[in-house]
There are 2 protein chains.
Amino acid sequence: MFIQIEFQSDVPIYEQVTRQMIEGIARGEMKPGDTLPSVRSLAADLGVNMHTVNKSYHELEAKGIITIRPKSGAIISSAEARALSPEQLRQIEKNLKPVVAEGMVLGATAEQIEHMMKKVFADLQIPAEGV
Amino acid sequence: MFIQIEFQSDVPIYEQVTRQMIEGIARGEMKPGDTLPSVRSLAADLGVNMHTVNKSYHELEAKGIITIRPKSGAIISSAEARALSPEQLRQIEKNLKPVVAEGMVLGATAEQIEHMMKKVFADLQIPAEGV
DNA sequence: CATTTGTTATACAACTAATATAACAAATTT
DNA sequence: AAATTTGTTATATTAGTTGTATAACAAATG
């Protein structure tokens, strides 16, 4: 797992960690059952505070993506354990809406946006080789 | 334009205003050339501070969606004036990525996400009747 | 000329983000 | 069994964001 923090970004550090963890899992670089690095070691690697990483892990747990075993470590949940409840689907749709709306208003066609989505998909799904 | 603020939301008020304005334009409820309500009147309508609405308007201007004429008012830019530059396309893709990645990790299939995207599209594009 | 407009400035309270340090108790490793 | 590592909890500080409040200004509008 290579996480790269942009300290000048307007996206909070803990949010950057969360997103890149999710992308790593989507890419298959990390699999269900794998343990995440300890909050201290990852924080040291990234050059950030332990609490910042801890916040990210708890965000991942709240999303149902990992399980934190107190005093032990964090484990990536199995795909089955991740429910994809109707409520989660609604949330994804809610997240999607403003992005799509902005694209449309800026003049993107449905085809352009679908194309972008497929590009993102290809970029995330098990990269064939090379990367 | 009907804007509904959720004061308990974790999405900032100015961001809610921005998003709903964009959705209103996407839906065709507001057209290029139309003037937005004055920051004071909209603020009064929503029960928020003038500066909060002002911040939203400047965000819309930064996105290239409206033009603010100092001491006069804000006008929705024409679709042509809205460039859709390669940089804007990249930005949309960048916004799309974490949403799609999260969906995937939670177990959504490409089909499910595409379906959601089409649903959002249908919800935004000139709603046939009713509404 | 009076009103409305966005602009600018200042101030304040509440909250978030991030860091820093420390101590604790359970889990793991040696 | 002892040492180390782990997530947890607590406290404190700094900086920035969010939102409100009030006020004055000058240009645009009626």
Side-chain angles (χ1 to χ4, degrees), chain A residues 1 3-22 30 33-77 81 95 98, chain B residues 1 3-22 30 33-77 81 95 98:
Chain A
M1 264 306 287
I3 289 183
Q4 190 63 36
I5 300 298
E6 291 181 46
F7 290 94
Q8 348 75 294
S9 170
D10 56 333
V11 180
I13 295 174
Y14 77 91
E15 188 66 33
Q16 290 185 47
V17 174
T18 299
R19 289 184 188 181
Q20 291 187 43
M21 282 288 180
I22 291 175
M30 308 184 83
D34 285 358
T35 58
L36 299 191
S38 78
V39 292
R40 278 175 234 253
S41 66
L42 181 54
D45 278 7
L46 301 178
V48 303
N49 194 273
M50 178 190 68
H51 298 298
T52 305
V53 175
N54 198 42
K55 190 171 182 180
S56 164
Y57 281 17
H58 279 275
E59 198 187 6
L60 285 166
E61 191 178 43
K63 286 179 187 292
I65 294 171
I66 67 171
T67 302
I68 299 175
R69 290 183 310 183
K71 327 286 179 184
S72 174
I75 301 180
I76 301 176
S77 305
N95 295 341
Chain B
M1 267 305 287
I3 288 183
Q4 191 63 36
I5 301 298
E6 291 180 46
F7 289 95
Q8 348 74 297
S9 171
D10 56 333
V11 179
I13 296 174
Y14 77 90
E15 188 66 33
Q16 292 185 46
V17 174
T18 298
R19 289 185 188 179
Q20 291 187 43
M21 282 287 180
I22 291 175
M30 308 184 84
D34 286 358
T35 58
L36 298 191
S38 78
V39 291
R40 279 176 233 256
S41 66
L42 181 56
D45 278 6
L46 302 177
V48 303
N49 193 274
M50 178 190 67
H51 299 296
T52 306
V53 175
N54 198 42
K55 190 171 183 179
S56 165
Y57 280 19
H58 280 275
E59 197 186 7
L60 285 166
E61 191 179 42
K63 285 179 187 291
I65 294 172
I66 67 171
T67 302
I68 299 175
R69 290 183 311 184
K71 327 287 177 182
S72 173
I75 301 180
I76 301 176
S77 305
N95 295 341

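In what follows, chains carry the letters A, B, and so on, assigned in the order in which the sequence lines appear, proteins first and then strands, with residues in each chain numbered from 1. It should be emphasised that the depicted structure is a prediction, and the values quoted were computed from it without experimental measurement.
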Novice: Nearest-nucleotide wise, let me know which of Tyr57(B) and Pro70(A) is further upstream toward the 5' end of DNA chain C.
Specialist: Tyr57(B)

Novice: List the atom of Pro37(B), the atom of Ser41(B), and the distance in Å for their closest heavy-atom pair.
Specialist: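 What the structure gives for the nearest pair is CB-OG, 3.7 Å.
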
Novice: For the side chain of Glu59(A) and the backbone of Glu15(A), is there at least one donor-acceptor N/O pair under 3.5 Å apart?
Specialist: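 Not a single qualifying donor-acceptor pair exists.
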
Novice: Answer yes or no: is there a side-chain heavy-atom contact under 4.5 Å between Leu42(A) and Leu36(A)?
Specialist: no

Novice: Side-chain contact test, heavy atoms from C-beta onward, threshold under 4.5 Å: evaluate it for Val48(B) versus Tyr14(B) and give yes or no.
Specialist: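 When only atoms from C-beta onward are counted, Tyr14(B) and Val48(B) do not touch, as no gap falls below 4.5 Å.
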
Novice: Search all heavy atoms of Ser77(B) against all heavy atoms of Gly64(B) and return the closest pair with its distance.
Specialist: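 Here Ser77(B) and Gly64(B) meet closest at OG-O, 3.8 Å.
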
Novice: Just the rounded figure in Å: distance from C1' of dT4(C) to CZ of Arg69(B).
Specialist: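 After rounding, the reported distance stands at 13 Å.
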
Novice: Hey, could you give me the CD1/CD1 distance between Ile13(A) and Ile5(A), rounded to the nearest 0.5 Å?
Specialist: 6.0 Å

Novice: Name every residue in residues 14-22 of chain A that has at least one heavy atom under 4.0 Å from any atom of DNA chain C, in order of residue number, or write none if there are no such residues.
Specialist: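 Under 4.0 Å from DNA chain C: Tyr14(A).
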
Novice: Heavy atom of residues 42-52 of chain B under 4.0 Å from DNA chain D: which residues?
Specialist: Val48(B), Asn49(B), Met50(B), His51(B), Thr52(B)

Novice: Strictly by side-chain hydrogen bond (donor to acceptor under 3.5 Å, both in side chains), give each pair with a member in residues 48-58 of chain B just once, sequence neighbours left out.
Specialist: Thr18(B)-Ser56(B)

Novice: Can you tell me how far apart CD1 (Ile65(B)) and CD1 (Ile76(B)) are? Round to the nearest 0.5 Å.
Specialist: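 Answer rounded to 0.5 Å: 9.5 Å.
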
Novice: How long is the span from the CG atom in Asn95(A) to the CG atom in Asn95(B), to the nearest 0.5 Å?
Specialist: 11.5 Å

Novice: Axis-to-axis angle across the helix from dC1(C)-dG30(D) to dT30(C)-dA1(D), five pairs an end, to 10 degrees?
Specialist: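 The two end axes of the helix from dC1(C)-dG30(D) to dT30(C)-dA1(D) meet at 40°.
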
Novice: Rounded to whole angstroms, how far apart are CZ on Phe7(A) and P on dA17(C)?
Specialist: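 These atoms are roughly 16 Å apart.
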
Novice: On DNA chain D, reading 5' to 3', which nucleotide is the first and which the last to sit with an atom under 4.0 Å from a heavy atom of chain B, could you check?
Specialist: dT18(D) to dT29(D)

Novice: Hey, what do you get for CG (Leu46(A)) to CD (Gln4(A)), rounding to the nearest 0.5 Å?
Specialist: 8.5 Å

Novice: Run the side chain to side chain donor-acceptor pair (under 3.5 Å) test against Thr35(A) and tell me which residues pass, sequence neighbours left out.
Specialist: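 Not a single residue meets the side chain to side chain donor-acceptor pair (under 3.5 Å) criterion with Thr35(A).
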
Novice: To the nearest 0.5 angstrom, please state how far the CZ atom of Arg69(B) sits from the OG atom of Ser72(B).
Specialist: 3.5 Å

Novice: Could you state the NZ-C1' distance from Lys55(A) to dC15(C), rounded to the nearest angstrom?
Specialist: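 After rounding, the gap between these two atoms is 10 Å.
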
Novice: To the nearest 0.5 Å, what is the distance between CE on Met21(A) and CE on Met30(A)?
Specialist: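 Nearest 0.5 Å value for the CE-CE distance: 5.0 Å.
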
